[in-house]
2 protein chains.
Amino acid sequence: MRSTIREVSAAAGVSVTTVSRVLNNEPYVKPATRRRVEEAIARLDFRPSVAARALAGQRSFQIALLYDNPSPYYIYSIQTGARAHCIERGFRVVFQECDVTSADLARDIAGLLAETHLDGVILSPPVSDSAEVIAALQRSNLPFVRIAPGGSLDISPRVFIDDEAAAERITDHLVGLGHRRIGFIIGHPDHVASNQRLTGFRRALARHGIAEEAELIQQGLFDFTSGHAAGRRMLTMARRPSAIFASNDDMGAGVLTAAHELGLAVPGDIAIAGFDDTDLARLVWPPLTTIRQPTRELAHAAAKMLIDATDTGGQQLDFELVIRGSTVAQQRLKS
Amino acid sequence: MRSTIREVSAAAGVSVTTVSRVLNNEPYVKPATRRRVEEAIARLDFRPSVAARALAGQRSFQIALLYDNPSPYYIYSIQTGARAHCIERGFRVVFQECDVTSADLARDIAGLLAETHLDGVILSPPVSDSAEVIAALQRSNLPFVRIAPGGSLDISPRVFIDDEAAAERITDHLVGLGHRRIGFIIGHPDHVASNQRLTGFRRALARHGIAEEAELIQQGLFDFTSGHAAGRRMLTMARRPSAIFASNDDMGAGVLTAAHELGLAVPGDIAIAGFDDTDLARLVWPPLTTIRQPTRELAHAAAKMLIDATDTGGQQLDFELVIRGSTVAQQRLKS
DNA sequence: CTGTTAGCGCCTTCAT
DNA sequence: ATGAAGGCGCTAACAG
């Protein structure tokens, strides 16, 4: 059976209060006493019950990660990043998928908050921009950090990259290679990043004096299937583009497959480039040019900001982390 | 703020015990009373605290899903399957990645069990065959269900497909198409299924009187990279095989990519077949022949078996679910 | 059928 | 610097 704080206190010859103090790293415990307690904890392999701590205290040492994404690779990346930091800090993460288009979304989130005593929540796109979720969180007064939110930037700490600049840079690269007719596959309409990436693409085209062609800009859904379909459409056009820019890696893999199916050499007949949100591109299209979005690191940073906040009462939330390309910069909000 | 059972009892004009009875669907509550309580619950949007229930009762309405797998698609499949059933039953799932090769594995699991009050655990491969994890679970006397375990079949309920027969069937198919030199990529050595699939392949070859060639059987790791490497090795051999059997879909995608890179037509120059553990193949290699392993359904069935057990005190654990191809059969253990 | 009385394991005032 | 007492929200025997 699991051992309890009472057994530890007996073993160490102190009161449970003292053990609790040691557990929570509180001051005013004589070093010698602290050592004895720590020894007893180790000897009994004691682990405080999350349920009991949540019930008694105002902290639960649990945070939740919300997501609603079509890409298993993406989900795995954010889960891994968030968990990595939580383990370091002795926190537990609740991975919670949700449906941003559901009518019950607000109720679902409220239920999660009521059932589970959480210390904070991380929102990943497109949940980062869900008005219902944000409202429920604010109502419950729970701290939250958003990954790559598109709007209301000042209502919460956030972690993001500059999608527009990144898309612009990739487009510059393609143009630099001599491409003038470049296809673009837009991401899922629910994701704000989709539009930001499109904007960056367009801005680069304009800067290079290249006219847009409507049929070269196709809607996708951030998943393999939609990328494959859009790729096929463009690659079978009478005058097909010489390059295709996919807004994420799943769609890029789809385009690559379409090219292969049509017997086109990559990058001989058709160049493919785009965002690598989840390191999938490193596997599927290693020779191609991508902007690597450090998804795992974004989630890691989000967890850190959140947990720092619960430790210090919210002070550190005044920071935001900007990850641009491979450069990580940290800057203070104007606040 | 979250409302409590006490507020519900006040609103309904009954004692908290009665509310608790309604919550837990216990008998001996007058229908009229039950209705009044349910109304109050709905009106106050009351959700019982998981922490409080876990502390007070012997049930927590929480189970854990353990995994240690290189494939994000696989992880997502089992998470989705398990969660789907848990939501139906009002349970919460804790997704817990672990490292079966870690020296701290036993401690990690013991920690999970001590911190979280769980009603049961689902093990997915290769955790299903981890002696440490199984020992920790048995020590804690917690019910657990294993997905596709390789050994000690009677120590727990299990959910599985017949990997050997499936591999045999696929091989038969390839031979039926006229292939005599078939490459085989073995799965991760930690997974029992890897060996079972190899055995099925070999048995089919033997039955058809085809001699094995050592260089046509290559070790893989169930991930894209290893499949890609093994595929390249075989496709660049002086006398390359006419077909390749990949032990899972990630490796199959790797082989497919290798074939494309080498300018080989699929399935013209090289046939590719194998297991589709995660529906990845449906996307990446739709025209190819695969055995679909219903991973999501396996996890769903595992969750059902586990929760049924907690409801009925373990009786239903005498059942096992066999999913073979698209046929689902349920049969009683000899027990 | 319903209510009363104790805790579950821990944190949190308050004393000392 | 340490301990005693009370309670978090709920379930579990007991009475009625």
Side-chain angles (χ1 to χ4, degrees), chain A residues 1-38 40-41 44-62 90 92 111 113-119 310, chain B residues 1-38 40-41 44-62 90 92 111 113-119 310:
Chain A
M1 271 320 282
R2 75 160 51 82
S3 47
T4 73
I5 197 175
R6 209 180 317 272
E7 303 175 79
V8 174
S9 73
V14 297
S15 73
V16 292
T17 312
T18 302
V19 179
S20 175
R21 289 201 178 95
V22 173
L23 241 36
N24 294 289
N25 225 335
E26 284 169 25
Y28 303 124
V29 179
K30 204 185 336 185
T33 311
R34 185 181 297 271
R35 271 208 321 95
R36 259 192 307 140
V37 171
E38 279 164 351
I41 289 176
L44 296 178
D45 196 32
F46 166 71
R47 312 272 185 142
S49 153
V50 175
R53 298 183 95 176
L55 207 53
Q58 67 296 317
R59 300 204 297 168
S60 69
F61 300 93
Q62 285 189 133
R92 208 152 257 303
L113 302 185
E115 284 178 10
T116 319
H117 303 233
L118 295 172
D119 288 345
T310 69
Chain B
M1 270 318 282
R2 75 160 51 80
S3 48
T4 74
I5 196 175
R6 208 179 318 271
E7 304 176 78
V8 174
S9 74
V14 298
S15 72
V16 293
T17 311
T18 301
V19 179
S20 175
R21 288 200 178 96
V22 172
L23 242 35
N24 294 290
N25 224 337
E26 284 169 25
Y28 303 125
V29 179
K30 201 182 343 184
T33 310
R34 187 181 296 272
R35 272 209 321 95
R36 256 190 311 140
V37 171
E38 279 165 349
I41 289 177
L44 297 178
D45 195 31
F46 166 71
R47 312 272 186 143
S49 152
V50 175
R53 299 181 92 174
L55 248 196
Q58 69 294 316
R59 300 203 298 168
S60 70
F61 301 92
Q62 284 190 134
R92 207 152 258 301
L113 303 185
E115 285 177 9
T116 319
H117 302 233
L118 295 172
D119 288 345
T310 68

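Quantities reported herein were computed from a predicted structural model and do not represent experimental measurements. All chains are named by letter (A, B, ...) in the order of the sequence lines, taking the proteins before the strands, and each is independently numbered beginning at 1.
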Starting from [atom2] on [N], measure out to [atom1] on [X] and report it in whole angstrom.
X: B:N25; N: D:dT11; atom1: CG; atom2: C1'; result: 15 Å
X: B:I41; N: D:dC10; atom1: CD1; atom2: P; result: 10 Å
X: B:R47; N: D:dC10; atom1: CZ; atom2: P; result: 13 Å

Practice problem: Apply salt bridge (Lys or Arg N to Asp or Glu O under 4.0 Å) to B:R6 and list each qualifying residue two or more places apart in sequence or on a separate chain. | Solution: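 Partners of B:R6 by the salt bridge (Lys or Arg N to Asp or Glu O under 4.0 Å) criterion come out as none, since no residue qualifies.
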Say you draw a straight line from [atom1] of [X] to [atom2] of [Y]; how long is it, rounded to the nearest 0.5 Å?
X: A:H117; Y: A:Q62; atom1: NE2; atom2: CD; result: 9.0 Å
X: A:R53; Y: A:Q58; atom1: CZ; atom2: CD; result: 11.0 Å
X: B:L55; Y: B:S60; atom1: CG; atom2: OG; result: 11.0 Å
X: A:N25; Y: A:R34; atom1: CG; atom2: CZ; result: 6.0 Å
X: B:T116; Y: B:R92; atom1: OG1; atom2: CZ; result: 12.5 Å
X: A:T4; Y: A:R47; atom1: OG1; atom2: CZ; result: 15.5 Å

Quiz item: Can you list the residues that meet the side-chain contact (heavy atoms from CB on, under 4.5 Å) rule with B:S20, with sequence neighbours excluded?
Solution: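 Result, side-chain contact (heavy atoms from CB on, under 4.5 Å) vs B:S20: B:I5, B:N24.
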Quiz item: Taking for each residue the nucleotide of DNA chain D with the nearest heavy atom, is it B:P48 or A:T33 whose nucleotide lies nearer the 5' end?
Solution: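 Nearer the 5' end of the strand: A:T33.
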Quiz item: With a 4.0 Å cut-off on heavy atoms, is A:V14 in touch with a base, just the backbone sugar-phosphate, or nothing at all?
Solution: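 It contacts sugar-phosphate atoms only.
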Quiz item: Which part of the nucleic acid, if any, lies within contact of B:F61, taking any heavy atom under 4.0 Å across all strands shown: a base, the sugar-phosphate backbone alone, or nothing?
Solution: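 Nothing: the residue B:F61, judged by heavy atoms under 4.0 Å, touches no strand.
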Quiz item: Once Watson-Crick and G-U wobble pairs under 3.5 Å are found, how is DNA chain C written in dot-bracket notation, 5' to 3', with | for any base paired to another strand?
Solution: ||||.|||||||||||
Quiz item: Phosphate oxygens OP1/OP2 of D:dC10: is one of them under 4.0 Å from a side-chain N or O of B:R53?
Solution: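 So the side chain of B:R53 is outside the cut-off, no N or O lying under 4.0 Å from OP1 or OP2 of D:dC10.
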Practice problem: Return the 5'-most residue of the pair B:A52, B:G13 with respect to DNA chain C, ranking by each residue's nearest nucleotide. | Solution: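 First, find each residue's nearest nucleotide; the 5'-ward one identifies B:G13.
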Quiz item: Does any non-hydrogen side-chain atom of A:L23 lie less than 4.5 Å from one of A:I41?
Solution: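 SC-SC contact between A:I41 and A:L23 confirmed.
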Practice problem: Verify, without hydrogens or angle tests, whether A:R21 (side chain) and A:E26 (backbone) share a donor-acceptor contact under 3.5 angstrom. | Solution: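 No, the answer is negative, given that no donor and acceptor are paired below the 3.5 Å cut-off.
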Restricting to nitrogen or oxygen on both sides, can you table the protein-nucleotides 12-16 of chain D pairs closer than 3.5 Å?
from, atom 1, to, atom 2, distance (Å)
D:dA12, OP1, B:Q58, OE1, 2.6
D:dA12, OP1, B:Q58, NE2, 3.0
D:dA12, N6, B:T17, OG1, 3.2

Practice problem: Name the first nucleotide and the last nucleotide along DNA chain C (5' to 3') that come under 4.0 Å of a heavy atom in chain A. | Solution: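 Reading along DNA chain C, I get C:dG9 to C:dT12.
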Practice problem: Tell me, please, which residues at least two apart from A:F46 pass ring pair (Phe, Tyr, Trp, His ring centres under 6.0 Å). | Solution: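 Ring pair (Phe, Tyr, Trp, His ring centres under 6.0 Å) list for A:F46, sorted by chain: empty.
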Practice problem: Counting heavy atoms from C-beta on, name the nucleotide in D:dT11, D:dA1, D:dC8 closest to the side chain of B:R6. | Solution: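 Of the candidates, D:dC8 comes closest.
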